[in-house]
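What you see below is based on every heavy atom in this structure, not just the backbone, and it leaves out hydrogens, waters and symmetry mates.
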Amino acid sequence: MNLDIFRKINKINRKVLGRINQLVPANPFGITNRNRPIGPSDQLNPLGPMERPDQLNLPVKVVDWTFSVWETLLGNYFFGQTEMLTFGDGYNAWGALINPTDSGVDMFWNVYTFSNFSSQPFTAEVWANSMPPGQGIVSKNIASANQMLNPPPMPKITLQYGDRVLQSPTQGIYAFTRIVEPKATLTRHDFQGMIIIPPGGSVITYLRSPGKGNIQSRIAFGWWEQDSSINREMVKKLTAKA
């Protein structure tokens, strides 16, 4: 966590609060303290004093962040993409997020992007906890979303890809399909981590050949990682209460 961010936010909050205190008088309606004896001048103000903002037992400021932004601040959010994938004429391609069995983290899948650089559409299939075909190549095009951290954290999840393959993924679940239009990018970025992949699992996006002619595409992902043991303990507590 970068504490400098929160120090700057608190400094700004104090400046804003000080300005409010200058603009708002201590008792703008002339209301008096109801806990003392009421005098003749108090008859029109029986409700007590109007408190200043700094006298209220309330939060100074509420920041509404998405959970993915919070994970970015913690250094747990990552993004990356494959190299250019070439497929067609019966050959297929794939990109995947692989969670190693010894990673110790759960992967919260948040974003996928398919970029079609060709003049014909293709079908993208999404598989969960499946085995990808062929020998995967580990992508080097990954980074932490929080570039303020030095050194930047590295993910436990690996981003892999392969092209010119004939086989389909095996085992697991064939979850859903998307059509990617020619010369276009298809993005889904509202999962908000609803798809959770434990150690030993995977998410595979499989690009199926549309027929004759070559297709070129890139696949990009965004995800965050959390300690598996903490998540298991939280789930245990939630199910016990239910």
Measure the shortest side-chain to side-chain distance between [X] and [Y] over non-hydrogen atoms and say whether it is less than 4.5 angstrom.
X: Lys156; Y: Met107; answer: no
X: Ser144; Y: Met154; answer: no
X: Leu97; Y: Ile197; answer: no
X: Pro210; Y: Pro121; answer: no
X: Phe221; Y: Thr205; answer: yes
X: Thr185; Y: Asn116; answer: no
X: Glu225; Y: Phe78; answer: yes
X: Gln120; Y: Ile215; answer: yes

**Report entry** Sole candidate of Tyr77, Trp223, Trp224 that passes side-chain hydrogen bond (donor to acceptor under 3.5 Å, both in side chains) when paired with Asn110
**Finding:**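 Answer to the side-chain hydrogen bond (donor to acceptor under 3.5 Å, both in side chains) test with Asn110 among Tyr77, Trp223, Trp224: Tyr77.
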Can you tell me how far the [atom1] atom of [X] sits from the [atom2] atom of [Y], to the nearest 0.5 Å?
X: Asn92; Y: Thr123; atom1: CG; atom2: OG1; answer: 10.5 Å
X: Gln167; Y: Trp94; atom1: CD; atom2: CH2; answer: 12.0 Å
X: Phe79; Y: Thr113; atom1: CZ; atom2: OG1; answer: 12.0 Å
X: Glu181; Y: Leu186; atom1: CD; atom2: CG; answer: 9.0 Å
X: Tyr174; Y: Ser130; atom1: OH; atom2: OG; answer: 11.0 Å
X: Leu207; Y: Tyr161; atom1: CG; atom2: OH; answer: 13.5 Å

**Report entry** Fellow cluster residues of Phe117, listed by chain then number, with links counted only when side-chain atoms sit under 4.5 Å apart
**Finding:**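 Traced through the cluster, Phe117 reaches Met84.
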Donor-acceptor check, side chain of [X] to backbone of [Y], threshold 3.5 angstrom: yes or no?
X: Arg164; Y: Tyr91; answer: no
X: Asn99; Y: Val105; answer: yes
X: Asp89; Y: Gly213; answer: yes
X: Ser202; Y: Ile204; answer: no
X: Trp109; Y: Val111; answer: yes
X: Thr82; Y: Gly95; answer: no
X: Ser217; Y: Ser115; answer: yes
X: Ser118; Y: Gln216; answer: yes
X: Asn76; Y: Glu71; answer: no
X: Asp227; Y: Asn231; answer: no

Requested in this report: Quick one: list whatever passes ring pair (Phe, Tyr, Trp, His ring centres under 6.0 Å) with Tyr206, sequence neighbours left out.
Outcome: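 Listed in chain order: nothing, the list is empty.
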Testing the basics here: between [X] and [Y], what is the closest heavy-atom pair and its distance to 0.1 Å?
X: Val165; Y: Pro133; value: CG2-CG, 4.0 Å
X: Pro155; Y: Ile142; value: CG-CD1, 3.6 Å
X: Leu159; Y: Gly80; value: CD1-C, 3.4 Å

Query raised in the report: When you look at CD of Gln147, are more than 12 heavy atoms from neighbouring residues, nucleotides or ligands closer to it than 6.0 Å?
Result: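 Enclosed.
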**Report entry** Connected via hydrophobic side-chain network under 4.5 Å: Leu85 and Val203
**Finding:**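 Linked, Leu85 and Val203 end up in one cluster.
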Requested in this report: Examine Phe114 together with Tyr112 and report whether their ring centres are nearer than 6.0 Å.
Outcome: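 Under 6.0 Å, so yes.
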Report task. Under the ring-ring contact (aromatic ring centres under 6.0 Å, His included) rule, what do Phe87 and Phe122 come out as? Steps first, then yes or no, please. Result -> CA-CA 10 Å; Phe87 61 104; Phe122 64 83; 5.3 Å; yes
Query - Check: Gln171/Asn129 side-chain N/O donor and acceptor closer than 3.5 Å - result: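 No donor-acceptor contact under 3.5 Å links the two side chains.
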Query raised in the report: Would you call Arg232 and Asp106 a salt bridge, taking side-chain N to carboxylate O under 4.0 Å as the test?
Result: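 The answer is yes: the pair qualifies as a salt bridge.
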Query raised in the report: Which residues satisfy the salt bridge (Lys or Arg N to Asp or Glu O under 4.0 Å) test with Glu125, sequence neighbours excluded?
Result: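 Scan of Glu125 (salt bridge (Lys or Arg N to Asp or Glu O under 4.0 Å), adjacent residues dropped) gives Arg208.
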